[in-house]
Amino acid sequence: MEDTEDFVGQGPHPVDDDVFKEPMKKRRRSDRDQRFRAFPSMEQSALKEYEKLESRTRRVLSNTYQKLIQSVFLDDSIPNGVKYLINRLLALIEKPSLDPIYIGLFGSTGAGKSSLINAIIQQAMFLPVSGESICTSCIVQVSSGCCEQYEAKIHLLSDQEWKEELKNLTKLLHRTEELDREEADAWDRDDAVEEAIWKLQMFYGNGAERKNYEELLRAKPKGKIPTSRIITLKAEEAGELSVKLDPYIRTQRRDLDGESAETQIWPLIKHVEVTLPKSELIPEGVVLVDIPGTGDFNSKRDEMWKKTIDKCSVIWVISDIERVSGGRAHADLLNESIKACQRGFCRDVALVVTKTDKLHLPEYLRERKVGNRAISSQREAVLERNEMIKLQWNRILKEKLQSKLPADSKVLEASDLVYTVSTQEYWQQALLTEEETEIPRLRGYIRKRLLDKKRRMVTKYVTEAFGLLLLTDSFNCTENLPNEYLHMSGLRRFVEEKIQLLEKAIDQCFAHIEQPLQEGVQNARTSYRRILGACLVRSRGNQGFHQTLKAVCLKNGIYASRTLARIDLNEAITQPIYDQIDPIFGGIFRTGKPTGSTLLPHIEAFKDSLQEKMMEIGVRNGWKYDSYKKSFLIQEISAILGGLEDYILRKKRRIYESLTTSVQNDLKPCYEEAAQIAGKKACERMKDVIRRGVDRQVDEGMFERAQERMQHQFQQLKNGITEKVKGSIATMLTLASSQGDGLYKELADVKSEYKEMEKLHRSLREVAENAVLRRGMQDFLLRMSPSKAVPPKA
Ligand SMILES: Nc1nc2c(ncn2[C@@H]2O[C@H](COP(=O)(O)OP(=O)(O)OP(=O)(O)O)[C@@H](O)[C@H]2O)c(=O)[nH]1
Ligand SMILES: [Mg+2]
């Protein structure tokens with residue numbers, strides 16, 4: 001742990017960012033800043049301590065595993081208990097160190113997402129950026145690894161996926177012959193069509209847009225497609241990889257003829273993964289994801305878009321300072337992010353306002369109503385505006401989140417929901433200091449998230465490993481007492497009763513959703529016509545909308561392109577239901593402080609009562625205070641129920657989406673019918689078919705069916721939970737009561753491993769204490785130092 005000692009500001013440390021920085025950059029850094037530089041390394045030492053603890057634990061587990069398999073290797077039959085042990089050890093050894101933390105940068109085109117990633121990773125021109133047109137063409141993931149090289153993997157659509165895309169593209173382009181003259185003139189090719197033609201031309205050459213699906217299936221693509229469907233690029237330096245990568249990521253201009261090999265396979269690109277060499281700026285385990293704001297016409301890519309948003313545990317909504325107020329796209333993005341908190345793993349939403357350097361001073365001064373302080377410079381104006389934006393948006397965001405999420409969600413406690421950044425100033429520092437560009441603050445945020453997660457993960461890991469070592473060691477210790485079996489069967493009855501109680505508790509907690517669900521359905525019934533009407537008009541009138549609408553229908557109600565706002569009819573008409581259920585739904589699945597409707601505390605209570613019972617039985621049986629068997633049982637109960645939490649989180653998304661999925665399913669025939677329509681007044685006729693189709697389905701109980709499906713999903717979750725609990729506990733009890741029954745075997749001596757594990761388990765607390773101590777010192781130093789940027793008086 002080389003760094004552990006340098007956490008108190010003992011003068012300037014040339015660690016961290018400085019090493020990577022370009023030499024010619026202007027510096028404006030006081031002594032205070034120098035001391036601040038030490039903070040990241042404090043966090044890093046904690047991180048390293050946890051990492052060390054984890055790797056040592058893994059080593060102990062492997063040694064134990066090896067000894068075990070050696071001692072049973074030649075046996076004819078391996079006792080069940082030992083098998084169980086071996087499997088558990090192996091599972092723990094193979095458990096991935098840390099699921100990466102995905103941080104999604106989610107924003108409209110031109111908002112500055114790619115520029116921000118470049119600044120955070122300290123590579124000025126790494127990802128392509130552009131001020132002229134849509135730049136990043138697909139989802140790009142950036143992370144750091146342990147190798148020395150820069151690497152990129154370009155993932156392509158599979159053959160099947162491309163065929164499906166082809167089918168849809170040709171359907172969209174298939175204009176009917178009977179289109180009459182008048183309409184043909186008015187037929188202004190809209191975005192969906194432009195894009196389809198261009199994709200086909202790029203992939204198969206000019207004229208492809210006139211061929212039908214079967215012809216295109218036989219046609220030969222211009223470019224070479226690797227059978228693995230992954231293109232790997234490697235480079236020694238960032239600049240080198242950046243050049244190679246550029247054509248794959250950058251949206252190609254349609255007016256240019258794509259002749260290079262990269263652009264020819266471009267319509268196939270699904271997403272891109274970039275791995276940087278080991279970096280202190282984005283530590284291993286963090287993935288920054290550049291997510292375009294609208295999704296994609298291709299179903300596979302669109303599905304991935306949604307999944308990617310859902311797998312992010314942090315979402316930064318990126319918004320250009322000039323668009324942050326009043327932009328509809330911006331509001332849509334915020335809503336989508338809050339939805340992700342409901343259905344996905346997202347725990348944290350923040351607003352990152354970009355390009356704060358863009359300020360026209362005379363204009364600002366003229367509009368400026370607040371402040372009695374005179375503003376004399378661009379810099380002061382920028383800083384003042386930043387503060388104002390923070391105040392304003394912190395409030396707006398909190399209100400928005402409050403109406404959607406349970407009242408005391410973690411994200412609502414966060415003091416910093418808004419960041420005001422400037423990547424341009426980060427590189428130039430003509431106006432602002434590095435700190436004031438808030439790029440370092442975002443890096444701090446990333447590190448804090450990682451550290452929190454690592455702490456939780458390692459604590460769980462070490463505790464579980466310790467329990468397993470206890471059990472292994474206990475196989476070598478005969479501790480059999482009379483009457484024990486009797487108590488075990490008593491225990492079985494006890495467990496059954498407790499499971500019944502758990503089932504009841506889960507029912508009660510799910511019952512909270514029923515009333516809002518009912519009300520939501522009523523609201524949906526009364527407002528669906530208005531909502532649908534709003535979705536089916538375009539400010540431009542029908543011109544060109546005809547094709548977009550066709551695309552919507554071809555995709556079962558969902559249409560996404562890079563240039564238009566996303567259209568999702570199913571989501572739109574179920575929105576009134578979601579508006580009603582959102583806070584309750586969030587409440588059921590929340591972690592942290594429980595309310596009457598929260599699910600997890602019931603499982604926790606179930607665990608506690610079981611563990612208490614184990615203790616009791618232990619005492620009655622005269623098991624030694626730290627009896628192996630007792631420890632094992634208690635440990636295993638934690639492990640079993642700990643696994644449930646992940647299971648519940650995975651199911652959550654399915655339940656949440658069941659309303660829109662159900663509606664989409666019911667409306668499928670109507671979408672299919674509408675997609676067939678061509679010829680005269682196609683647009684009006686399509687709208688008509690959709691309207692009538694939805695009316696009919698609503699009359700036949702579409703919303704009520706959606707409600708039932710959601711309730712059914714909740715029931716399934718309940719059954720899943722109880723089945724899992726029953727199964728695992730039964731196995732555990734069988735093992736625990738069978739030790740004396742010939743299933744037990746003298747195993748290799750693992751005393752030393754046990755001792756080592758005990759030590760590691762103890763140091764878990766030390767590491768946590770160190771972290772608290774360091775944080776205290778950090779707070780102290782912060783308080784002692786002169787205030788940071790002078791906040792303007794509002
Ligand atoms: N003045 C100023 N311009 C910026 C800043 N950050 C980004 N830009 C410019 O804004 C434009 C768009 O930036 P990008 O990073 O390409 O935006 P994006 O969100 O990745 O856009 P897409 O890839 O199209 O989704 C570029 O011309 C950048 O140079 C900033 O902090 N200040
Ligand atoms: Mg971009």
Side-chain angles (χ1 to χ4, degrees), residues 103-142 152 191 195 242 245-254 266 269 271-272 274 288-296 301 305 308-309 315-324 327 329-330 332-333 336-337 351-361 364 378-379 381-383 385-386 389 419-442 560-566:
I103 300 185
L105 286 82
F106 186 43
S108 317
T109 179
K113 301 176 290 293
S114 307
S115 307
L116 188 55
I117 291 186
N118 287 342
I120 290 173
I121 64 173
Q122 189 72 24
Q123 303 283 356
M125 279 298 157
F126 189 66
L127 294 177
V129 299
S130 160
E132 281 171 28
S133 57
I134 300 175
C135 183
T136 312
S137 67
C138 59
I139 293 173
V140 182
Q141 299 189 347
V142 181
D191 187 73
E195 195 163 312
S242 173
L245 195 56
D246 192 286
Y248 292 103
I249 293 182
R250 190 186 292 274
T251 302
Q252 303 301 318
R253 284 179 55 186
R254 298 185 193 172
W266 198 75
I269 298 177
H271 72 284
V272 173
V274 183
L288 298 173
V289 199
D290 189 333
I291 313 175
T294 53
D296 199 281
R301 274 196 291 258
W305 177 78
T308 307
I309 295 175
I315 294 180
W316 290 344
V317 178
I318 313 289
S319 198
D320 185 329
I321 194 152
E322 288 172 341
R323 310 253 172 85
V324 65
H330 174 64
D332 286 347
L333 291 174
E336 191 67 42
S337 315
L351 174 66
V352 180
V353 179
T354 56
K355 312 187 192 178
T356 54
D357 55 276
K358 275 175 131 187
L359 181 140
H360 184 47
L361 190 58
Y364 179 77
Q378 179 89 3
R379 172 189 153 79
V382 166
L383 290 175
R385 187 179 57 175
N386 283 356
I389 285 178
Y419 293 76
T420 45
V421 304
S422 166
T423 57
Q424 183 178 300
E425 274 301 305
Y426 177 76
W427 297 111
Q428 294 177 359
Q429 288 181 32
L431 215 56
L432 306 175
T433 64
E434 182 178 320
E435 276 224 333
E436 286 161 348
T437 67
E438 299 198 7
I439 302 294
R441 227 180 123 214
L442 286 177
S561 84
R562 292 302 312 272
T563 43
L564 292 173
R566 191 179 167 82

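Just follow the structure's listing: the first ligand is 1, and inside any ligand the first atom is 1. Since this is a predicted model, take the numbers as computed values, not measurements.
- Among the candidates Leu116, Val272, Asn118, the single residue satisfying the side-chain contact (heavy atoms from CB on, under 4.5 Å) test with Leu127 is Asn118.
- Taking any N or O of Val421, backbone or side chain, none lies under 3.5 Å from an N or O belonging to ligand 1.
- Between Gln424 and ligand 1, at least one pair of N/O atoms sits closer than 3.5 Å.
- Protein nitrogen, oxygen and sulfur atoms, that is N, O or S, within less than 2.8 Å of the Mg ion (ligand 2) amount to 2.
- The atoms of ligand 1 that sit less than 4.0 Å from any heavy atom of Ser108 are 19 (O).
- Checking Asn386, Asp357, Thr354 one by one against Ser422, the side-chain contact (heavy atoms from CB on, under 4.5 Å) holds for a single residue, Asp357.
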Checklist line | Test log, rule side chain to side chain donor-acceptor pair (under 3.5 Å), inputs Ser114 and Thr136 | finding: CA-CA 8 Å; Ser114 307; Thr136 312; 2.9 Å; yes
Check: Step by step, would you call Asp332 with Arg566 a side-chain contact (heavy atoms from CB on, under 4.5 Å)?
Finding: CA-CA 9 Å; Asp332 286 347; Arg566 191 179 167 82; over 6 Å; no
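- Contact annotation: for Asp357 versus ligand 1, heavy atoms closer than 4.0 Å belong to the side chain alone.
- The shell of residues lying under 4.0 angstrom from ligand 1, judged by heavy atoms, excludes Ser137.
- Considering only heavy atoms from C-beta on, Trp427 comes within 4.5 Å of Gln122 through its side chain.
- Set against the non-hydrogen atoms of Ser422, the atoms of ligand 1 under 4.0 Å away are 31 (O).
- Looking only at distances, no side-chain donor or acceptor of Lys355 sits under 3.5 Å from a matching main-chain atom of Ser319.
- Close contacts of ligand 1 with Cys135, meaning ligand atoms under 4.0 Å from a residue heavy atom, involve 22 (P), 23 (O), 24 (O).
- An N or O contact shorter than 3.5 Å links Gly110 to ligand 1 by distance.
- Ile103 pairs in a side-chain contact (heavy atoms from CB on, under 4.5 Å) with only one of the listed residues (Ile315, Val289, Leu288), which is Leu288.
- Which parts of ligand 1 touch Ser115 is read off a 4.0 Å heavy-atom cut-off, strictly below it: atoms 6 (N), 7 (C), 13 (O), 14 (P), 15 (O), 28 (C).
- Residue-level proximity to ligand 1 for Ser130 is carried by the backbone, the only part with a heavy atom below 4.0 angstrom.
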Check: What's the verdict on side-chain contact (heavy atoms from CB on, under 4.5 Å) for Val382 and Glu425, showing C-alpha distance, side-chain angles and the deciding distance?
Finding: CA-CA 11 Å; Val382 166; Glu425 274 301 305; over 6 Å; no
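- Against a heavy-atom cut-off of under 4.0 Å, Ala111 is close to the following atoms of ligand 1: 17 (O), 19 (O).
- Here the side chain of Trp266 pairs a donor or acceptor atom with the backbone of Tyr248 at under 3.5 angstrom.
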Check: Taking it one step at a time, do Leu351 and Val324 satisfy side-chain contact (heavy atoms from CB on, under 4.5 Å)?
Finding: CA-CA 10 Å; Leu351 174 66; Val324 65; 4.2 Å; yes
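- Residues Arg323 and Ser108 are not in side-chain contact: their nearest non-hydrogen atoms beyond the backbone lie 4.5 Å or more apart.
- Counting heavy atoms under 4.0 Å from ligand 1, residue Lys358 touches it through the side chain alone.
- When each atom of ligand 1 is checked for a heavy atom of Thr136 under 4.0 Å away, the hits are 20 (O), 22 (P), 23 (O), 24 (O).
- Looking at Lys113, its side chain never comes within 3.5 Å of a backbone N or O of Leu105 through a donor-acceptor pair.
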